[in-house]
Amino acid sequence: GFTYTFDGWTTLPNGGGTKYNIGGTPAATGNATYYAHFAATEVAATVTANGVVSYYPSIADAFAAANASDYTPTIQVWRDAPNTPALTYTAKNHCTLDLNGHTVSGTDMPLLTINDEGFTFTVTDRTETKEGKLAGTSGVSQAFVVSLVSGVFRLEAGTVYGQYTASTVMAGVYAGA
């Protein structure tokens, strides 16, 4: 999906013609018609907390918002996210990551670090096929896709998958400091 943000005015209804940015002054003489122009941003994930849904262009942005939330967030993935940087969850709230049939992958290991003492971080996939994945690839044999520093990690649905070399699968979850 996409979110749309107002970013100015144009002189043609299809977004073409002369564009005037927000705060710009049109050089019109006489009568003129201007059309609102909206910029589209592809949504990578949403965060739902306390009944409010917020939209984010990257998984990393969604994790930052979930960490800042005072409520129990659900992060829902809306498209595959290759090359995702290492993610950390430390918010001291229960959290759910709904892979929603998509793959979140990266080479920075661990891909996900959970340091949420006394709370549960759940990975699920609420689609019918349950094909969502947390996937990591690393050139280091002692790398893990998920590192549980504190708290509880619960894999409800989906897959945690690590690849060290073309023929060697690495550990998916490591629990310990």
Indicate the atoms forming the closest heavy-atom contact of [X] with [Y], along with that distance.
{"X": "D80", "Y": "T103", "answer": "OD1-N, 2.9 Å"}
{"X": "V77", "Y": "R79", "answer": "CG1-O, 3.2 Å"}
{"X": "F38", "Y": "A36", "answer": "CE1-CB, 3.7 Å"}
{"X": "L148", "Y": "F153", "answer": "CD2-N, 3.9 Å"}
{"X": "H102", "Y": "N100", "answer": "CD2-O, 3.0 Å"}
{"X": "D98", "Y": "D125", "answer": "OD1-CA, 3.6 Å"}

Determine yes or no for a side-chain-to-main-chain donor-acceptor pair under 3.5 angstrom, with N67 supplying the side chain and T90 the backbone.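 Yes, the answer is positive, given that a donor and an acceptor are paired below the 3.5 Å cut-off.
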
Hey, is the main chain of Y161 close enough, under 3.5 Å, to the side chain of T159 for a donor-acceptor pair?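 The answer is no, because no donor-acceptor pair under 3.5 Å joins these two groups.
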
Considering residues at least two apart in sequence or located in another chain, which fulfil the side-chain hydrogen bond (donor to acceptor under 3.5 Å, both in side chains) criterion with T10?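 T10 satisfies side-chain hydrogen bond (donor to acceptor under 3.5 Å, both in side chains) with no residue once adjacent residues are dropped.
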
Please identify which of these residues, L97, I75, T84, meets the side-chain contact (heavy atoms from CB on, under 4.5 Å) condition with V104.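 It is T84; the other options fail the test.
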
State whether the number of non-hydrogen atoms from other residues, nucleotides or ligands found under 6.0 Å of N14 atom CG is greater than 12.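 Yes.
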
Considering only distance and modelled atom types, tabulate donor-acceptor pairs under 3.5 Å from the side chains of residues 45-61, sequence neighbours left out.
| from | atom 1 | to | atom 2 | distance (Å) |
| --- | --- | --- | --- | --- |
| T46 | OG1 | W78 | NE1 | 3.0 |
| S58 | OG | D61 | N | 3.0 |
| S58 | OG | D61 | OD2 | 3.1 |

Counting C-beta onward and ignoring hydrogens, is there a side-chain heavy-atom pair between T33 and T11 closer than 4.5 Å?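 Of all side-chain heavy-atom pairs linking T11 with T33, none is under 4.5 Å.
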
Determine whether Y89 and P73 make a side-chain contact, defined as any pair of heavy atoms from C-beta on separated by less than 4.5 Å.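 The answer is yes, as the side chains (C-beta and beyond) meet within the 4.5 Å cut-off.
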
To the closest 0.5 Å, what do you measure between [atom1] ([X]) and [atom2] ([Y])?
{"X": "L99", "Y": "E156", "atom1": "CG", "atom2": "CD", "answer": "11.0 Å"}
{"X": "C95", "Y": "Y71", "atom1": "SG", "atom2": "OH", "answer": "16.0 Å"}
{"X": "W9", "Y": "I22", "atom1": "CH2", "atom2": "CD1", "answer": "9.5 Å"}

Run the numbers on R126 and T74 for side-chain contact (heavy atoms from CB on, under 4.5 Å), then give the verdict. CA-CA 12 Å; R126 294 183 178 145; T74 296; 4.0 Å; yes

Check residues 108-121 and write down every donor-acceptor pair under 3.5 Å in which the side-chain atom is one partner and the other belongs to a residue at least two apart or another chain.
| from | atom 1 | to | atom 2 | distance (Å) |
| --- | --- | --- | --- | --- |
| N115 | OD1 | S150 | OG | 2.7 |
| D116 | OD1 | K92 | N | 2.6 |
| D116 | OD1 | N93 | N | 3.4 |

Side-chain ion pair, K19 and D7, N-O less than 4.0 Å: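 D7 and K19: salt-bridged.
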
L155, L87: one ILVMFWY side-chain cluster at the under-4.5 Å cut-off?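 Looking at the clustering, L87 is in the same group as L155.
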
